[in-house]
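Bear in mind the structure is a predicted one, so any value in this text is a computation, not a measurement.
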Amino acid sequence: VIPSNFQIRGMHTIIRDRETSTPDFVFYADRLLRLVVEASLGHLPFREKVVVTPTGHQYVGVDFAKKLCGVSIIRSGESMENALRACCKGIKIGKILVHRMEDRVMDQEIVYEKLPADIAERFVLVMDPILGTGGSAARAVKVLLDKGVDEGKILFLSLIAAPEGIHTLCRRFPRLKVITSEIDEYIDTDFRVVPGVGNFGDRYFCE
């Protein structure tokens, strides 16, 4: 969980308010998503790098990790693509569409996938703003593992996560990291995250 402060809490208050307009929801959701992406990049490996500043002096810093890619879980995950592109210039982004079985919420079927050909050689940032039961997330991660991606090179990025979803992912994939801005209370009988934000995709993409 990224460290919280009153600014983050205030933005969550706005996007969780059912009276918030679509433009305001998108604006503050984008700000929060950028924070989640930035925080996730801090969990990637780095190496020391020495540069010379314009004053002619050395600065001992770090070099960013190479060979990254993003994978958005359609459709809500696509809302996080701009934040990732803003942080990582020219990054490749793949997509996975998971069909959720309405009568069996933990059964998920992959309907569509488009991934970089060399994804097995990359660190992968999987993006879905709401982590609920973890069923769709786990199914998407399984696709990446089947493509040869190292479990330890996968980070799952979400804006809000339910405890059930975190437990599902971490139990099945103990080397995977989950990055989120807030953990909510629980999932209700309709499989909605509580208190949640409602249907994120509808609120983000629809007027």
Side-chain angles (χ1 to χ4, degrees), residues 1-5 7-18 20-44 46 64-98 100 110-119 122-132 136-137 140-141 143-144 149 153-161 165 169 176-184 193 196-207:
V1 181
I2 65 176
S4 186
N5 54 44
Q7 183 77 355
I8 290 175
R9 193 76 171 163
M11 290 188 284
H12 266 279
T13 302
I14 293 171
I15 67 169
R16 291 171 184 273
D17 186 347
R18 65 181 180 183
T20 295
S21 66
T22 297
D24 282 349
F25 181 88
V26 170
F27 178 80
Y28 289 103
D30 281 345
R31 287 184 61 188
L32 285 166
L33 294 171
R34 175 72 177 263
L35 292 175
V36 171
V37 170
E38 292 279 15
S40 70
L41 296 175
H43 288 270
L44 296 173
F46 61 88
F64 295 129
K66 307 297 187 205
K67 302 286 283 187
L68 306 179
C69 77
V71 172
S72 58
I73 299 180
I74 301 171
R75 128 179 108 143
S76 294
E78 294 173 308
S79 66
M80 305 179 75
E81 293 180 3
N82 285 338
L84 183 58
R85 288 192 179 99
C87 297
C88 303
K89 185 170 61 176
I91 190 169
K92 292 184 176 180
I93 297 180
K95 298 177 185 289
I96 294 177
L97 175 59
V98 181
R100 298 170 174 83
I110 298 298
V111 176
Y112 172 83
E113 64 175 69
K114 185 174 183 181
L115 304 169
D118 61 349
I119 195 168
R122 297 176 178 268
F123 288 91
V124 183
L125 281 61
V126 183
M127 303 176 291
D128 196 352
I130 308 299
L131 175 57
S136 296
V141 171
V143 170
L144 299 178
V149 179
K153 288 186 172 184
I154 301 173
L155 285 77
F156 189 91
L157 283 56
S158 72
L159 181 62
I160 295 169
L169 282 184
L176 172 147
K177 289 182 179 178
V178 177
I179 315 295
T180 189
S181 65
E182 282 196 347
I183 299 175
D184 273 15
V193 177
V197 296
N199 188 307
F200 187 95
D202 285 350
R203 296 190 69 190
Y204 190 94
F205 292 112
C206 302
E207 293 294 338

Determine whether a donor-acceptor pair (N or O, by modelled atom type, separation under 3.5 Å) exists between the side chain of [X] and the backbone of [Y].
X     : Y      : answer
Arg9  : Ser4   : no
Ser76 : Pro129 : no
Ser72 : Val126 : no

To the nearest 0.5 Å, how far apart are [atom1] in [X] and [atom2] in [Y]?
X     : Y      : atom1 : atom2 : answer
Arg31 : Ile8   : CZ    : CD1   : 10.0 Å
Leu44 : Lys67  : CG    : NZ    : 14.5 Å
Met11 : Leu32  : CE    : CG    : 4.5 Å
Ile15 : Glu182 : CD1   : CD    : 8.0 Å
Leu97 : Ser136 : CG    : OG    : 9.5 Å

Is there a side-chain contact between [X] and [Y] in this structure, where contact means two heavy atoms from C-beta onward sitting under 4.5 Å apart?
X      : Y      : result
Val197 : Arg203 : yes
Ser79  : Leu33  : yes
Arg122 : Val149 : no
Cys87  : Leu41  : yes
Ile2   : Thr180 : no
Leu131 : Leu159 : no
His43  : Leu155 : yes
Ile179 : Phe156 : no

Taking all heavy atoms of [X] and all of [Y], pick out the closest pair and write down the distance.
X      : Y      : answer
Ile91  : Gly70  : CD1-N, 4.1 Å
Leu125 : Ser40  : CD2-OG, 3.6 Å
Leu68  : Cys88  : CD1-SG, 4.2 Å
Tyr204 : Val26  : O-CG2, 3.3 Å
Ile73  : Ala137 : CD1-CA, 4.2 Å

- Do Leu144 and Leu115 pass the side chain to side chain contact (heavy atoms under 4.5 Å, CB included) test, and can you show the C-alpha distance, the side-chain angles, and the key distance before you say yes or no? CA-CA 9 Å; Leu144 299 178; Leu115 304 169; 4.2 Å; yes
Could you list the residues that satisfy salt bridge (charged side-chain N to carboxylate O under 4.0 Å, His left out) with [X], not counting sequence neighbours?
X      : value
Arg85  : Glu81
Asp184 : Arg16
Asp17  : none

- What's the verdict on side chain to side chain contact (heavy atoms under 4.5 Å, CB included) for Ile96 and Val98, showing C-alpha distance, side-chain angles and the deciding distance? CA-CA 6 Å; Ile96 294 177; Val98 181; 3.8 Å; yes
- Message: Whether Arg34 and Asp30 form a salt bridge (side-chain N of Lys/Arg under 4.0 Å from carboxylate O of Asp/Glu) is what I want to check.
- Response: no
- Message: I'd like to know if Arg75 and Asp128 make a salt bridge, using a cut-off of under 4.0 Å between side-chain N and carboxylate O.
- Response: no
- Query: Is the number of heavy atoms from other residues, nucleotides or ligands within 6.0 Å of NZ (Lys114) greater than 12?
  - Reply: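 Count not over threshold, so no.
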- Would you please indicate if the ring centroids of Phe25 and Phe205 are separated by under 6.0 Å?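 Between Phe205 and Phe25, which both carry aromatic rings, the centre distance is not below 6.0 Å.
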- Should Val71 and Lys95 be marked as a side chain to side chain contact (heavy atoms under 4.5 Å, CB included) after you check the CA-CA gap, both sets of side-chain angles, and the distance that decides it? CA-CA 5 Å; Val71 172; Lys95 298 177 185 289; over 6 Å; no
- Could you check Ile119 against Lys92 for side chain to side chain contact (heavy atoms under 4.5 Å, CB included), going step by step and ending with a plain yes or no? CA-CA 10 Å; Ile119 195 168; Lys92 292 184 176 180; over 6 Å; no
